[in-house]
Undergrad: 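Pasting a structure here, questions to come.
Remember, it's 1-based here, ligands and their atoms both numbered in the order they're listed. Being a predicted model, the structure only gives us computed values, none of them experimental.
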Amino acid sequence: MVRSIPIEIQPVAKSRVSEYDLTHVPFGKCFSDHMLVAEYVNGAWQKAQILPYQDQPLSYAISALHYGQAIFEGMKAYKNASGQVSLFRPLENLKRLNTGAVRMAMPEVPEDLFMEGLCELIRLDQQWVPDSEFGSLYIRPFLIATDEAIGVKISDTYKFIILTCPAGKYYADPIKVWIETSYFRAVHGGVGFVKAAGNYGRSLYPTKLAEARGYKQVLWTDSETHSYFEESGTMNVMFVIDGKLITPALSDTILDGITRKSVLQLARHWNMPVEERKVSIQEVLEAISKGTLTEVFGCGTAATIAQIIGIGYKTDYYELKPVAERTFSTKVDETLRKIRKGLMPDPFDWMLPV
Ligand SMILES: Cc1ncc(COP(=O)(O)O)c(C=O)c1O
């Protein structure tokens with residue numbers, strides 16, 4: 001592949017990896033030795049460097065901070081038994097990042113910069129990829145507007161950065177979720193389908209209220225009627241009803257999750273009936289009372305498969321079937337883990353060795 005710009009590499013003099021127990025690091029707080037930083041100036045990507053992880057000066061006036069021109073990705077690298085490190089479907093992340101970049105009037109990140117930068121970075125920091133059963137290296141690519149100017153306008157300058165952190169399980173236990181019908185996450189014509197920083201900021205207050213009621217996450221509903229499910233926290237949501245896998249259809253208010261896509265692909269591969277369509281609160285509550293709803297789970301890169309064991313709605317709480325009886329999501333979780341860890345064949349070529 002011909003690089004549009006060369007990537008300059010400044011390796012650390014001494015790795016910090018031995019200072020950490022990679023199987024017990026808190027999520028997102030311990031950063032690996034290196035980071036990638038690329039700069040967009042004068043209408044082009046000009047400079048790309050892999051540097052020791054460090055703070056760098058940035059003005060308090062940058063437009064990402066004031067006007068929210070900031071998008072990000074979340075992906076993971078895994079280590080197999082022979083020590084080979086591979087990425088899970090990285091081109092899907094690039095595609096989503098660039099779809100977001102267009103919507104946010106930001107420059108797209110070229111494939112060669114993204115892929116080569118990412119692979120070089122992970123190769124350099126492969127010691128940081130935990131080899132534990134549930135371990136992975138969480139990868140955070142992000143794109144921010146860096147014009148030093150107050151005033152709402154499209155920035156002329158940007159930085160594309162990749163940080164990485166070793167990670168274990170995101171949710172240690174199954175979770176309870178609160179069906180949110182006062183606040184909403186996204187509206188048609190908005191940026192719900194983009195991993196825009198502002199989507200997460202706006203979700204924090206409703207999530208705090210749900211937490212105060214004893215729930216781990218919010219289950220978002222549509223902004224117009226609050227009767228149809230959208231997604232939950234940083235996960236897409238799936239239901240198994242009458243033996244069918246049912247999930248809200250994608251729209252401009254829902255993030256096109258790569259885990260969602262992969263779970264649906266596996267289900268279809270196993271000849272399980274799959275429906276991507278509107279899913280109403282009423283349908284789910286009825287299925288709970290009839291006993292036909294057998295599984296509910298969230299899926300996402302950080303959380304992988306997060307079992308949902310209870311749902312709160314208005315004044316009621318619905319306890320769901322025990323996790324031990326959930327054959328589909330348990331099999332999907334195991335299969336994804338084994339494909340990622342090289343413990344079984346990768347039938348769809350999802351893994352890319354770095
Ligand atoms: C809002 C939201 N929905 C769904 C997902 C799941 O997407 P993915 O499976 O690509 O991680 C995420 C995480 O990225 C998210 O932030």
Side-chain angles (χ1 to χ4, degrees), residues 27-28 68 70-78 87-100 103-104 114 118 136-143 162-165 167 169-171 175 177 180 183-187 190-204 206-207 210 216-223 228-239 245 247-267 276 279 296-306 308 329 332-333 335-337 339-340 348 350-352:
F27 185 86
I71 59 176
F72 67 97
E73 270 306 318
M75 54 201 297
K76 281 179 173 173
Y78 301 83
L87 296 160
F88 183 73
R89 310 191 75 175
L91 284 168
E92 295 289 336
N93 293 91
L94 172 66
K95 210 160 71 184
R96 190 169 63 188
L97 181 78
N98 282 339
T99 302
R103 175 62 180 82
M104 299 294 286
F114 184 90
L118 183 61
S136 60
L137 188 72
Y138 185 79
I139 304 166
R140 169 52 53 87
F142 59 107
L143 179 61
I162 308 180
L163 306 177
T164 69
C165 2
K169 273 197 161 184
Y170 192 73
Y171 292 124
I175 59 170
V177 296
E180 181 55 61
Y183 300 93
F184 57 82
R185 177 186 170 275
V187 285
V191 294
F193 66 105
V194 176
K195 271 184 90 73
N199 285 341
Y200 298 82
R202 66 181 294 162
S203 74
L204 298 175
T207 307
K216 192 86 184 173
Q217 264 304 342
V218 162
L219 195 45
W220 298 107
T221 53
D222 69 288
S223 65
Y228 295 96
F229 292 111
E230 299 233 299
E231 54 184 316
S232 179
T234 58
M235 305 180 293
N236 295 105
V237 65
M238 301 207 172
F239 306 87
L245 180 64
T247 192
L250 294 178
S251 78
D252 61 356
T253 60
I254 295 180
L255 195 83
D256 182 0
I258 297 158
T259 321
R260 174 188 184 278
K261 196 173 285 184
S262 310
V263 171
L264 295 180
Q265 200 168 340
L266 280 173
E276 294 178 71
V279 187
V296 185
F297 57 95
C299 53
T301 298
T304 59
I305 301 295
I308 295 174
S329 44
V332 126
D333 198 12
T335 306
L336 283 174
R337 192 180 63 78
I339 292 175
R340 288 163 166 162
F348 311 110
W350 283 339
M351 303 308 294
L352 180 80

Undergrad: Could you tell me whether Gly300 and ligand 1 have an N or O pair separated by under 3.5 Å?
TA: no
Undergrad: Any side-chain to backbone donor/acceptor pair from Asp252 onto Gly190? Under 3.5 Å, distance only.
TA: no
Undergrad: With atoms numbered from 1 as shown, which atoms in ligand 1 lie under 4.0 angstrom from a non-hydrogen atom of Gly257?
TA: 7 (O), 8 (P), 9 (O), 10 (O)
Undergrad: Would you check the N or O atoms of Asp256, main chain and side chain alike, for any that come under 3.5 Å of an N or O of ligand 1?
TA: no
Undergrad: Is Asp256 reaching over with its side chain to a backbone N or O of Leu250, donor-acceptor style, under 3.5 angstrom?
TA: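 No, because the side chain of Asp256 does not come within donor-acceptor range (under 3.5 Å) of the backbone of Leu250.
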Undergrad: If we only count heavy atoms from C-beta on, is the Val263 to Leu336 side-chain gap below 4.5 Å?
TA: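 Heavy-atom side-chain distance check passes, below 4.5 Å.
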Undergrad: I need the atoms of ligand 1 closer than 4.0 Å to a non-hydrogen atom of Glu231, numbered in the order shown.
TA: 1 (C), 2 (C), 3 (N), 4 (C)
Undergrad: OG of Ser251 to CG of Asp222: how many Å apart, nearest 0.5 Å?
TA: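 These two atoms lie 9.5 Å from each other.
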Undergrad: Give the numbers and elements of all ligand 1 atoms closer than 4.0 Å to a heavy atom of Asn236.
TA: 4 (C), 6 (C)
Undergrad: Need the ligand 1 atom indices (1-based, order shown) with element for anything under 4.0 Å from a heavy-atom of Gly233.
TA: 1 (C), 2 (C)
Undergrad: Based purely on interatomic distance, does Arg96 place a nitrogen or oxygen under 3.5 Å from a nitrogen or oxygen of ligand 1?
TA: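 Arg96 vs ligand 1: N/O contact under 3.5 Å present.
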Undergrad: What atoms of ligand 1 come closer than 4.0 angstrom to any heavy atom of Arg185?
TA: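 Near Arg185, meaning under 4.0 Å from one of its heavy atoms, ligand 1 has 1 (C).
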Undergrad: What I'd like to find out is whether the side chain of Pro206 reaches to under 4.5 Å of the side chain of Trp220, using heavy atoms alone.
TA: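 Yes, at least one pair of side-chain atoms sits under 4.5 Å.
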Undergrad: Does Thr253 reach the main-chain N or O of Val187 with its side chain, forming a donor-acceptor pair under 3.5 Å?
TA: no
Undergrad: Below 3.5 Å, N or O to N or O, backbone or side chain included: is there any such pair between Thr259 and ligand 1?
TA: yes
Undergrad: Looking only at distances, please establish whether an N/O atom of ligand 1 is found under 3.5 Å from an N/O atom of Tyr200.
TA: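 Such a contact does occur with ligand 1.
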Undergrad: Name the orientation class of the two ring planes belonging to Phe229 and Phe239 (parallel below 30°, tilted from 30 to 60°, perpendicular beyond 60°).
TA: tilted
Undergrad: If the contact criterion is a heavy-atom separation under 4.0 Å, does Ala302 count as touching ligand 1?
TA: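 Ala302 does not count as a contact of ligand 1 under the 4.0 Å cut-off.
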Undergrad: Nearest to atom 5 (C) of ligand 1, what protein heavy atom do you find, and at what distance?
TA: Thr234 O, 3.2 Å
Undergrad: Which ligand 1 atoms, with their elements, are less than 4.0 angstrom from a heavy-atom of Lys195?
TA: 12 (C), 13 (C), 14 (O), 15 (C), 16 (O)
Undergrad: Please report the interatomic distance CZ(Arg140) to CD1(Ile162), rounded to the nearest 0.5 Å.
TA: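 Arg140 CZ to Ile162 CD1: 11.5 Å, rounded to 0.5 Å.
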Undergrad: Which of these, Arg96, Lys195, Arg89, Lys95, sits in a salt bridge (charged side-chain N to carboxylate O under 4.0 Å, His left out) with Glu73?
TA: Arg96
Undergrad: Quick one: does Met75 get a heavy atom under 4.0 Å from ligand 1?
TA: no
Undergrad: Which of the atoms in ligand 1, numbered in the order shown and given with their element, are less than 4.0 Å from a heavy-atom of Thr301?
TA: 8 (P), 9 (O), 10 (O), 11 (O)
Undergrad: Using the salt bridge (charged side-chain N to carboxylate O under 4.0 Å, His left out) definition, which of the options Glu230, Glu180, Glu231 pairs with Arg185?
TA: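 Only one of Glu230, Glu180, Glu231 forms a salt bridge (charged side-chain N to carboxylate O under 4.0 Å, His left out) with Arg185, namely Glu231.
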